[in-house]
Amino acid sequence: MFPIQSVAAKAVVLLLVTATGLAAQDQNVTIKGSDTMLVMNQQLAQEYMKEFPGTNIQVSGGGSGVGIAALRDNTTDIAAASRLIKPKEVQDFLVNVGSEPSRFSAALDGIAIFVNTGNPIQELTIDQLGKIFHGDYTNWNQLGGPDEEIDVYSRENTSGTYSYVKDEVLKGADYTTRAQTLPGTAAVYDAVSKDPKGIGYGGIGYNKGVKLVSIKSDPSSPSWLPTEENVESQVYPLSRSLNYYLNPRTTNQQAMKFIQWVASPAGQDVVVKSGYFGLPKVVAKADEKTTAPDSTSAPPPPPARPVAANPSQTSTKPTSGETASSPATAPAVIAPTALMPDPQLEPPAPPPLSLSEREARVLVREEAVALREAKVAEREEKLEAELAFLKTTKSK
Amino acid sequence: MNPTTTSLPELSRGTVLGFVPPQELEKELSVTLYERPGSYLENAIIRGITLISYSAIAAVLLIFIFIAKESLPVLLQQTDNSRSGLTMKPEDAVNKSPAELAVFLQLTESQVARLSPDVLQQLIVSRNEELKAGNSPDSKLNTTTWGMMFLPYQWEGYNMPVFIWQPIGNIEKYNVIPLIFGSLKITFIALLFAMPLSLMAATYVSQLARPETREVIKPFIELLAGVPSVVLGFLGLTGLSVLLGPLHIFDSHYTPLNALVAGMALALAVIPVIFTIAEDAITAVPVTHKRAALAIGATNWHATMRVVVPAAMPGIFAAVVLGFARAIGETMVVLLASGNAATLDLSIFQSARTLTATIAAELNEAAQDSAHYHILFFIGTMLFFITFLGNILADIILQRLKSRLEGSTAAEAHRLAEQAETQLGSSVV
Amino acid sequence: MSSAYLPETKLDLFSVPIFSRTTIGTAIFRSAAFFLAGVVFLIVAYVLSEGWRGLTPGFIFTRAGGSNGEGMFDPEHSGVFDMVVGTVLLVFLMTILVMPVGIITGIFLNEFADSRSWTSRIIRSSINNLAGVPSIIFGLFGLGLFVLTIGSGIDAYILQTKNPVWGKPSLIWAALTLAVLTLPVVVVSTEQALRAVPTSIRDAALGMGATKLQTLWKIVLPQASAGILTGGILAVSRGAGEVAPIMFTGAVYYMKNLPQGLTDPFMELGYHVYNMATQSINIDQVRPLLFSTVTTLLLLTFLLNAVAIFARARVRRRLQNLQHD
């Protein structure tokens with residue numbers, strides 16, 4: 001009786017294993033999540049696989065929530081999220097997995113405010129913008145423009161850009177109910193480029209066929225356009241980070257390697273090519289300086305602020321049982337302790353407390369404000385010098 | 001005492017009088033033909049066929065259970081997203097009883113018991129953050145109650161009670177009325193275009209057109225069913241919205257992506273449904289009806305409009321009802337072409353947000369097991385019920401039509417004959 | 001002589017006045033029908049005119065990553081071979097899964113169940129409801145049931161592995177989800193095909209002593225086979241265009257290899273169209289590529305639909321001839 005059963009069981013197992021096919025030869029890495037990051041992830045993956053043949057990276061969308069849920073269910077190695085993980089999801093992870101996933105920034109998404117090319121509006125204050133998006137201003141002539149209704153275009157309310165603008169521009173107030181929400185940043189740009197009365201917001205990388213509005217925080221301060229220069233130096237105030245969350249249970253070395261590669265100059269080039277901003281260079285440079293003397297070949301560690309506990313905490317359970325049963329993953333299984341001493345793979349030591357989305361933003365903003373002030377001072381100095389020079393030449 | 005129910009059935013059976021009427025003979029024949037017992041194997045196969053066909057019921061039940069399970073917290077009003085501002089010090093976790101912790105963390109006691117102290121502290125930190133009250137008085141509200149979801153409320157910063165769907169932000173506003181309104185508005189516009197066009201086309205193709213014309217036109221219209229809805233939505237987004245642009249002279253609030261654009265794109269998705277079912281129903285009217293009308297001098301048009309179409313009316317109505325169900329359940333078209341603004345504006349030149357587009361756009365990003373997630377599933381349940389009711393309505397109507405018109409089965413013929421006989425008998429008695 | 005018995009004016013039974021209710025009504029109805037056909041023609045013409053330039057054999061047979069690694073959005077070099085393969089594999093698997101169940105259910109409803117009985121009414125309304133469930137719900141249902149319950153169950157209890165093999169989105173689960181979605185199409189068209197077989201033929205077979213199953217297998221099914229096939233083709237064309245259900249259950253935006261087993265994910269045309277339309281960086285640059293992909297998808301579904309429509313027309317004509325005989 002018993003042998004027959006075990007033979008049947010073995011046959012079933014064999015059948016299931018053979019049905020899984022030959023995909024085992026490459027090392028698989030799965031990235032799932034934000035639709036906003038889809039195109040960027042694909043280009044990163046393609047570039048990475050060109051550099052490291054033998055890896056097979058699968059990129060799929062579905063949304064940040066889907067990505068994080070997949071991370072919890074252990075069906076993906078990396079979750080791509082255009083927002084920060086929510087407290088509810090953190091609790092979910094803690095209860096079901098025992099630890100939080102660690103966060104790594106992959107790119108920045110600067111937010112441009114734009115109008116139709118036929119619109120004479122040049123600059124707006126944050127306060128005016130808030131009133132437009134809230135629906136207090138409904139006509140362009142209230143802002144010195146033509147006598148036409150304002151059409152507000154917004155992103156889907158699940159996008160990170162939406163909540164960013166809601167917090168920073170609207171100061172928590174609601175968007176006007178007349179705001180049209182479109183799927184995808186490109187759709188917003190496209191709509192505004194066709195609508196002479198339109199105003200919209202979205203990542204600068206998609207900029208096409210519209211007029212950018214320069215933004216100032218209050219009527220007396222200088223206004224800034226989201227140019228490449230201004231955003232790279234973090235002078236332009238509106239930006240958010242696009243994140244990767246790493247599966248705390250994954251034994252996949254390639255996943256970590258990929259995340260680190262994204263933060264490297266080669267990866268950041270692709271990020272910029274795909275329409276987003278690179279991570280702040282100031283931070284990246286500082287990291288390069290500190291790491292360069294130790295290991296010249298190693299890519300700089302990601303300039304991210306992992307919010308979770310150290311990944312080493314997570315792998316408390318032994319993983320010995322799984323190697324035999326699944327040849328597909330055998331090469332990827334490595335002892336977690338072996339991961340840590342490797343200088344290339346060691347994740348940066350994370351701060352113990354978790355930052356809320358707002359706090360994280362405030363931190364980025366503070367840096368940005370400091371930088372901006374420095375820039376302003378620099379420019380003023382230059383101006384004064386020029387003025388002095390002019391005066392001297394005039395007097396001559 | 002009704003004589004028809006007591007005495008006459010015996011008479012109609014013919015057993016009392018000792019002879020077998022012709023209909024009875026036919027019936028017996030059909031019984032011997034159709035209900036002859038098969039072999040053991042055949043019976044087993046038939047049993048198997050029956051079992052497999054129950055899988056459709058299983059699929060619907062599973063889907064329903066799945067949706068209902070996820071929306072249960074909303075239906076039972078167990079969700080609570082109020083930010084009470086209550087906090088618990090992480091260090092105190094050791095002193096608290098599991099029951100207290102479970103209440104605070106919204107977990108079960110057994111779950112709490114399994115957690116290590118370290119994880120427990122992290123959990124409490126995270127929960128504290130979640131409960132952190134904002135400075136608005138609205139943040140202490142539980143916005144997932146029935147009242148908040150269906151009635152207007154005067155939020156801070158508004159000067160009158162309003163219906164607002166803004167599920168992301170410090171205060172999550174989950175009023176579903178604008179979504180229901182948007183769904184109905186776009187569906188109404190879609191049916192306004194689709195109904196007359198497809199019904200007229202169906203009547204023409206089925207009754208008025210010459211055979212050669214029918215052979216050309218019918219496949220063409222049915223090809224529309226093969227256009228994936230994502231393509232229709234894409235065409236609405238890029239083509240139709242530009243094409244209808246000049247209409248802005250009619251409305252100063254005109255937006256390029258609006259209910260009219262979405263409704264017209266949606267009409268393209270609904271037309272094949274209404275057309276196919278209506279055409280089937282009209283064709284199913286026995287040709288004898290029409291020939292009779294033609295024979296007494298009616299033109300083809302009059303015979304069609306006065307005889308054939310009225311006879312097929314239930315089927316036509318069912319087609320419209322199914323078209324309605326399809327329109328209200330369609331996702332991709334409205335997501336791409338409607339502009340998705342959750343307004344209560346009656347103008348067709350204003351954008352609208354539908355129930356399906358809301359699910360499609362927000363479910364991806366919503367954190368699982370959050371109030372938002374459950375409410376989206378609650379919307380799914382509502383949609384399920386709307387289509388369910390529509391289908392049942394259409395089913396009943398079609399059933400009625402079938403027994404009225406279609407070639408009735410032998411058993412039904414007998415029943416009709418019996419009825420006729422009883423009526424005859426009662427009039428005699 | 002005989003002319004005396006004829007009426008003064010010839011009685012005209014056939015011609016109708018030009019502006020009568022008949023002519024105007026017919027004209028309106030005709031224009032509605034032609035308008036609809038014209039709209040379909042316009043849609044097809046529009047998509048084709050925008051997409052035909054890119055639609056070369058090279059486009060269809062080039063890998064998505066492009067031959068020179070320029071990425072997926074290079075109109076010159078990237079193709080849709082991965083998506084076509086994924087779509088074909090997906091609908092093929094789906095057909096294998098849905099056809100037996102759908103056909104058997106159709107047979108049961110038409111041949112064995114009394115249409116007034118509760119069982120048949122419940123099954124019928126279940127199928128109608130299945131047709132009315134929003135497709136996004138199917139996606140979540142597939143994720144919840146197939147991937148996370150059945151797939152993870154196989155991993156945990158049969159393979160006993162912690163690394164998900166079956167418990168992740170893959171070809172088989174997406175195909176199963178689509179099979180549930182297209183079940184009503186197959187059932188309804190099977191039923192229609194069976195109903196079209198005249199009762200007299202069944203009676204004749206039964207009268208000559210064939211059993212019910214013999215009649216079904218030897219007489220009814222061969223007659224209805226073309227109609228049943230039509231149902232299958234319609235299901236395939238419906239399944240090929242669906243995006244929402246596969247978004248969570250198996251479609252990926254990009255992967256390097258073609259799917260090599262049932263548990264591999266895949267790339268798909270409809271999903272690709274959706275992503276290109278909403279997520280691409282530069283709509284104008286991608287537009288030719290987008291239209292070429294839409295054209296590929298449309299041609300695929302239209303081809304299948306056209307086959308189905310012609311098959312059905314032939315069956316109808318044959319049955320009409322049968323009835324007349």
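Below, read A as the first sequence line, B as the second, and so on, with proteins coming before strands; counting in each chain starts at 1.
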Among T301(C), V40(C), I122(C), I28(C), the residue with the most heavy-atom pairs under 4.5 Å to chain B is V40(C)
Quick check on the interface: out of L109(C), V273(C), V101(C), who has the most heavy-atom pairs with chain B under 4.5 Å? V101(C)
Can you check whether F234(B) and F291(C) have ring centres sitting under 6.0 Å from each other? yes
Output the option from L208(B), I221(B), T203(B), L223(B) having the highest count of non-hydrogen pairs under 4.5 Å with chain C. L223(B)
With a 4.5 angstrom heavy-atom cut-off, could you sort out which part of L383(B) is near chain C: side chain, backbone, both or neither? side chain
According to side chain to side chain contact (heavy atoms under 4.5 Å, CB included), who are the partners of I49(B), at least two apart in sequence or on a separate chain? I45(B), I104(C), F108(C), F112(C)
Just so I understand: if I count every heavy-atom pair under 4.5 Å between each of V294(C), V180(C), L140(C) and chain B, which residue has the most? L140(C)
Heavy-atom pair of closest approach, residues Q214(C) and E42(B): N-OE2, 4.2 Å
Counting heavy-atom pairs under 4.5 angstrom with chain C, the leader among L237(B), T356(B), L235(B) is L235(B)
Max heavy-atom pairs within cutoff under 4.5 Å with chain B, candidates T105(C), I127(C), V39(C), goes to T105(C)
Could you measure the distance from the OG1 atom of T22(C) to the CG atom of N300(B)? Nearest 0.5 Å is fine. 9.0 Å
When only pairs under 4.5 Å are counted, which of G25(C), S31(C), G142(C) shares the most heavy-atom pairs with chain B? G25(C)
Nearest heavy-atom neighbours spanning Y204(B) and A33(C): CD2-CB, 3.5 Å
If you tally heavy-atom pairs under 4.5 Å between each of T331(B), I63(B), V231(B), V230(B) and chain C, the highest tally belongs to I63(B)
Enumerate by number any residue of residues 182-190 of chain C whose heavy atoms lie under 4.5 Å from heavy atoms of chain B; in the absence of such residues, state 'none'. L183(C)
Measuring from atom CD1 of I67(B) to atom CD1 of I137(C), what distance do you get when rounded to the nearest 0.5 angstrom? 4.5 Å
Nearest heavy-atom approach of S53(B) to I123(C) is O-CD1, 3.7 Å
